[in-house]
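Reviewing the structure listed below.
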Amino acid sequence: MERIVIKGGFPLSGTITIGGAKNSAVALIPAALLADGVCTIKNVPNITDRDALFEIIRLLNCDIKQNDKTIEIDSTKLENVPISEALSVKLRASYYFMGVLLGKYKHVEIYFPGGCNIGTRPIDIHLKGFKALGAKVTKSKHKYTISAEELHGANINLAFASVGATINIMFAAVRAKGTTIINNAAKEVEIINVADFLNKMGAKITGAGTEMITIEGVDHLNGAEIEVIPDRIEAGTYILMGALMGKDLKVEGIVPEHNEALFEKLTEMNVDYKIEGNSVILNKRDDLKPTNVTTEVYPGFPTDLGQPMSVLLTQAKGTSIMEETIWENRIGHYPYLQKMGAKIKLDGLKATIKGKSKLIGTDINATDLRGGAALILAGLIAEGTTSIYDIDYILRGYENIINKLSNVGAKISLEEI
Ligand code: EPU
């Protein structure tokens, strides 16, 4: 077991390069199994969620070749065996094998997915979509068997614009007979990346990135190549670090339009940032203004940046509000920020944050991926030493985070416990 140790108070200078988006990559990797042939995926982030997907793909007798961030997946010998509970619970995105295997083989056996403890995380909207396409879903304990004689196109209205359900239904619908329309689809940019990949394989999908996606089913999908888009959440996390500790910190390889909601809030707060092409340069300021932030589906302020954002709010002079609306439990980091000296009042999912607070380093625990990232932000600005435990959550989604931060001057290391 390891912990992250941070000595706070050191400025961040130099360049951090953003990797491929976790939430795109975890869908693109299973998507490759829809092709009858070899797929190439470029810019795949080096995160443990990727490795968990590889384990499932190997169990299904597919071949993976890896050369740094480029992977090749050959699914020509795929065997559609049941995916064990031990593998299913390793990550949330294991649920994408439901749509993929149902689409291609009209049958899948898999368990309830895992993932961060940020809510009950039901998959009812995914299953309702599969049923609308003609599948039968049976559940015994945590195991799902989803089968169809034949999948047919359908008009599907999502009860919530779920990212996972939108992608999973696309996966099944690309091989259904006829046309499927997904209404109230999620509009996240990762969905466009996935639809682009499927279209390169020969799928006929239009409207990805809008609330109505149309999928005309096809009989066959061929191998194709795709590049994972830059990770807007990783970018946002480092941008927030730059707002707190930057001294000409450059965050490069971003798509600024993907982080518009964040930049709007940074402008309101008086953060010193300058966008130059695909980079942003940040400098710490001592006169940050408070603001109110509510998380929303894309293009609103992303739920995945709410926790890191709350740390910036502790450094603004006055009262700010950070309210989470997507997940019912994205508040695990607040008690640790309080322990470090932040003045936060929690009322359900609404945090009232009074700044500016001096944070003091102490021993704290990551309770989930983005909450863990928030604690790193807190450690970077705290006086003294912060030790973060349960860091597996963080390594699931941030590639080389220790190196990326050390390279720009942070005093951060991994230590064996
Ligand atoms: N929901 C349901 N039923 C469903 C599906 C979702 O009630 O069948 C609810 C959820 O409980 C939640 C809301 O709808 O309250 C949003 O869920 P969504 O399906 O959009 O989330 P997801 O697809 O499971 C992805 C990312 C999350 C990110 C959300 C929202 C992956 C693997 N995960 O989750 O990423 O927070 O979209 O953008 O793509 C993270 O990276 O830290 C993370 C948790």
Side-chain angles (χ1 to χ4, degrees), residues 19-31 45 47-50 52-53 88-99 112-132 137 139 144 146 156-171 182 184-194 211 228-229 231-237 258-259 261-262 295-309 324-330 332-333 349 366-374 393-399:
K22 168 181 93 75
N23 290 345
S24 253
V26 298
L28 293 170
I29 294 170
I47 50 176
T48 53
D49 266 10
R50 174 201 67 182
L53 290 169
S88 305
V89 299
K90 280 201 173 177
L91 79 169
R92 178 79 177 156
S94 61
Y95 58 29
Y96 286 133
F97 290 97
M98 288 181 171
F112 193 79
C116 286
N117 174 26
I118 52 175
T120 47
R121 312 192 82 171
I123 56 167
D124 55 311
I125 303 173
H126 305 231
L127 300 177
K128 215 171 153 198
F130 298 146
K131 286 179 194 164
V137 178
K139 188 180 168 211
Y144 291 86
I146 310 172
I156 300 172
N157 297 311
L158 303 188
F160 181 87
S162 153
V163 174
T166 301
I167 293 176
N168 235 341
I169 294 167
M170 283 199 312
F171 286 157
I182 308 177
N184 193 29
K187 298 192 287 250
E188 271 70 357
V189 286
E190 291 75 17
I191 291 167
I192 304 176
N193 202 194
V194 175
E211 57 201 17
V228 182
I229 57 170
D231 194 319
R232 64 193 165 95
I233 307 301
E234 187 198 17
T237 305
H258 293 178
N259 281 110
L262 172 65
T295 62
E296 286 164 37
V297 294
Y298 191 83
F301 193 95
T303 167
D304 298 338
L305 285 178
Q307 291 164 296
M309 182 69 177
E324 168 62 19
T325 66
I326 311 288
W327 299 109
E328 68 262 36
N329 197 19
R330 252 187 167 163
H333 65 304
L349 295 175
T367 56
D368 59 86
L369 168 60
R370 308 300 173 188
Y393 285 115
I394 302 172
L395 304 180
R396 284 178 45 184
Y398 287 93
E399 69 171 4

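Note that ligands are numbered from 1 as they come in the structure, with each ligand's atoms numbered from 1 the same way. The figures here come from the full heavy-atom set of this structure, side chains too, leaving out hydrogens, waters and symmetry mates.
- Side-chain N/O atoms of T303 and E324 include a donor and acceptor closer than 3.5 Å.
- Between F171 and Y96, the ring planes are perpendicular. Angles over 60° get that label, and only those under 30° would be called parallel.
- Ion pairing of D304 with R330 is present here, as a side-chain N (NZ or NE/NH1/NH2) and a carboxylate O approach within less than 4.0 Å.
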Protein N/O near ligand 1 N/O, under 3.5 Å, which pairs?
from	atom 1	to	atom 2	distance (Å)
ligand 1	3 (N)	P122	O	3.4
ligand 1	3 (N)	D124	OD1	2.7
ligand 1	8 (O)	P122	O	3.3
ligand 1	8 (O)	D124	N	3.1
ligand 1	8 (O)	D124	OD1	3.3
ligand 1	8 (O)	I125	N	2.8
ligand 1	15 (O)	I326	O	2.5
ligand 1	19 (O)	S162	OG	2.6
ligand 1	20 (O)	V163	N	2.8
ligand 1	23 (O)	Y95	OH	3.0
ligand 1	23 (O)	G164	N	2.7
ligand 1	24 (O)	R92	NE	3.2
ligand 1	24 (O)	R92	NH2	3.4
ligand 1	24 (O)	Y95	OH	3.0
ligand 1	35 (O)	N23	ND2	3.2
ligand 1	36 (O)	D304	OD1	2.6
ligand 1	36 (O)	W327	NE1	3.0
ligand 1	39 (O)	N23	OD1	3.3
ligand 1	41 (O)	K22	NZ	3.1
ligand 1	41 (O)	N23	ND2	3.3
ligand 1	41 (O)	R370	NE	3.4
ligand 1	41 (O)	R370	NH2	2.8
ligand 1	42 (O)	R330	NH2	2.8
ligand 1	42 (O)	R370	NE	2.9

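- Not a single side-chain hydrogen bond (donor to acceptor under 3.5 Å, both in side chains) links S162 to another residue, sequence neighbours left out.
- A salt bridge does not link D231 to K22: none of the charged side-chain nitrogens sits closer than 4.0 Å to a carboxylate oxygen.
- Ionic pairing of E190 and R232 is present here: one or more N-O contacts between side-chain nitrogen and carboxylate oxygen are shorter than 4.0 angstrom.
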